[in-house]
Amino acid sequence: TGNIPFNETSPYQIVRIFESPEFGRFLALNNMVMCTERDEFHYHEMIVHPVMQVHADPKRVLVIGGGDGGTVREVLKYPVEKVTMVEIDEAVVRASREFLPTMSCEFNNPKLDLRIADGIQYVKEIEEASFDIIIVDGSDPVGPAEGLFTADFYRNCMRALRPEGLLVTQGESPLFQEKAFTELNQCLKKIFGREQVRTLLFYAPSYPSGMWSHQVAVKGNINPAKDFSVEKARLFTKEKKLKYYSEKIHTAAFELPGFVKTMLKETDQAK
Ligand code: SAM
């Protein structure tokens with residue numbers, strides 16, 4: 001097999017960096033591929049830009065997890081006041097700093113407040129209405145990330161959101177883990193409201209099945225699939241040279257195949 005430049009067992013998980021001719025370097029946690037140099041932008045652009053384009057003026061952003069840095073890299077393309085990133089495992093941050101420079105490139109940005117802590121605990125203690133956007137960039141619901149898929153956690157996230165705030169979470173896959181995908185969707189709907197939760201799909205070649213989701217919950221009555229400035233999104237996409245997200249992908253990503261709508265017990269999302 002290829003080279004393994006980083007291989008540590010942290011108190012939370014096995015943290016490894018592999019090198020592959022196909023995908024470049026990639027991060028694996030407990031031998032699950034998290035992000036590869038070649039295609040991480042699919043996931044990171046699609047977890048950040050839909051919600052950041054919908055919100056009128058996002059100033060305070062919270063990222064839970066996101067240890068590789070790809071998510072905060074995308075968030076810091078906006079004129080935010082501050083991004084707080086709460087990652088439980090310093091070994092992931094260290095591995096990314098050392099071996100994934102294209103993802104960890106914003107770790108020294110003065111607008112970033114990077115904390116090594118448990119995101120579950122953090123949202124319990126944070127005062128209400130602290131953030132415009134919350135991004136849950138967690139691993140799969142096993143090990144330290146298990147608690148990132150509970151009603152308690154999302155109730156605390158909702159409390160931490162300002163009015164008109166948006167939450168987006170890595171939403172698992174309708175093909176690969178139907179149970180986790182549907183349970184997370186139902187959990188979010190119970191807390192934010194049936195009409196306040198929408199699912200977007202995107203291609204994730206290095207993930208099992210390649211069909212992946214992010215789930216978006218809004219505080220208020222906005223429709224994240226439609227309520228954004230197409231012109232602003234078009235200009236932003238061009239100016240920042242985005243490679244996956246665009247103003248057209250934004251709306252298309254929220255259109256679900258029939259079998260996924262049935263799975264989520266939704267008739268027609270794009271009202
Ligand atoms: N950005 C990645 C990708 O593109 O697939 C997503 C995975 S990211 C590496 C997931 C991160 O969530 C890991 O670094 C993991 O340590 C972190 N994490 C898991 N449970 C956590 C918790 N309870 N609080 C904070 N971070 C957590």
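For ligands, and for the atoms within them, numbers begin at 1 and follow the listed sequence.
For the pair Glu19 and Arg25, the salt-bridge criterion is met [side-chain N within less than 4.0 Å of a carboxylate O]. Ionic pairing of Arg73 and Glu40 is present here: one or more N-O contacts between side-chain nitrogen and carboxylate oxygen are shorter than 4.0 angstrom. Ionic pairing of Glu266 and Lys189 is present here: one or more N-O contacts between side-chain nitrogen and carboxylate oxygen are shorter than 4.0 angstrom. Taking 4.0 Å as the cut-off between side-chain N and carboxylate O, Glu81 and Arg60 count as a salt-bridged pair.
Note on residues 130-145: pairs passing salt bridge (Lys or Arg N to Asp or Glu O under 4.0 Å), not counting sequence neighbours, are Asp132-Arg162.
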Contact table, ligand 1 N/O with protein N/O, distance under 3.5 Å:
unit_1: ligand 1; atom_1: 1 (N); unit_2: His44; atom_2: NE2; d: 3.0
unit_1: ligand 1; atom_1: 1 (N); unit_2: Asp68; atom_2: OD2; d: 2.7
unit_1: ligand 1; atom_1: 1 (N); unit_2: Asp137; atom_2: OD1; d: 3.1
unit_1: ligand 1; atom_1: 1 (N); unit_2: Asp137; atom_2: OD2; d: 3.2
unit_1: ligand 1; atom_1: 4 (O); unit_2: Met34; atom_2: O; d: 3.3
unit_1: ligand 1; atom_1: 4 (O); unit_2: His44; atom_2: NE2; d: 3.3
unit_1: ligand 1; atom_1: 5 (O); unit_2: Met34; atom_2: O; d: 2.4
unit_1: ligand 1; atom_1: 5 (O); unit_2: Tyr207; atom_2: OH; d: 2.0
unit_1: ligand 1; atom_1: 14 (O); unit_2: Glu87; atom_2: OE1; d: 2.7
unit_1: ligand 1; atom_1: 14 (O); unit_2: Glu87; atom_2: OE2; d: 3.3
unit_1: ligand 1; atom_1: 16 (O); unit_2: Gln13; atom_2: NE2; d: 2.9
unit_1: ligand 1; atom_1: 16 (O); unit_2: Glu87; atom_2: OE2; d: 2.6
unit_1: ligand 1; atom_1: 20 (N); unit_2: Pro144; atom_2: O; d: 3.3
unit_1: ligand 1; atom_1: 20 (N); unit_2: Ala145; atom_2: N; d: 3.3
unit_1: ligand 1; atom_1: 23 (N); unit_2: Asp118; atom_2: OD1; d: 3.0
unit_1: ligand 1; atom_1: 23 (N); unit_2: Pro144; atom_2: O; d: 3.1
unit_1: ligand 1; atom_1: 24 (N); unit_2: Gly119; atom_2: N; d: 2.9
unit_1: ligand 1; atom_1: 26 (N); unit_2: Ile88; atom_2: N; d: 3.2

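Cation-pi contact between Arg38 and Phe23: present, with separation from the ring centre below 6.0 Å and deviation from the ring axis of at most 45°.
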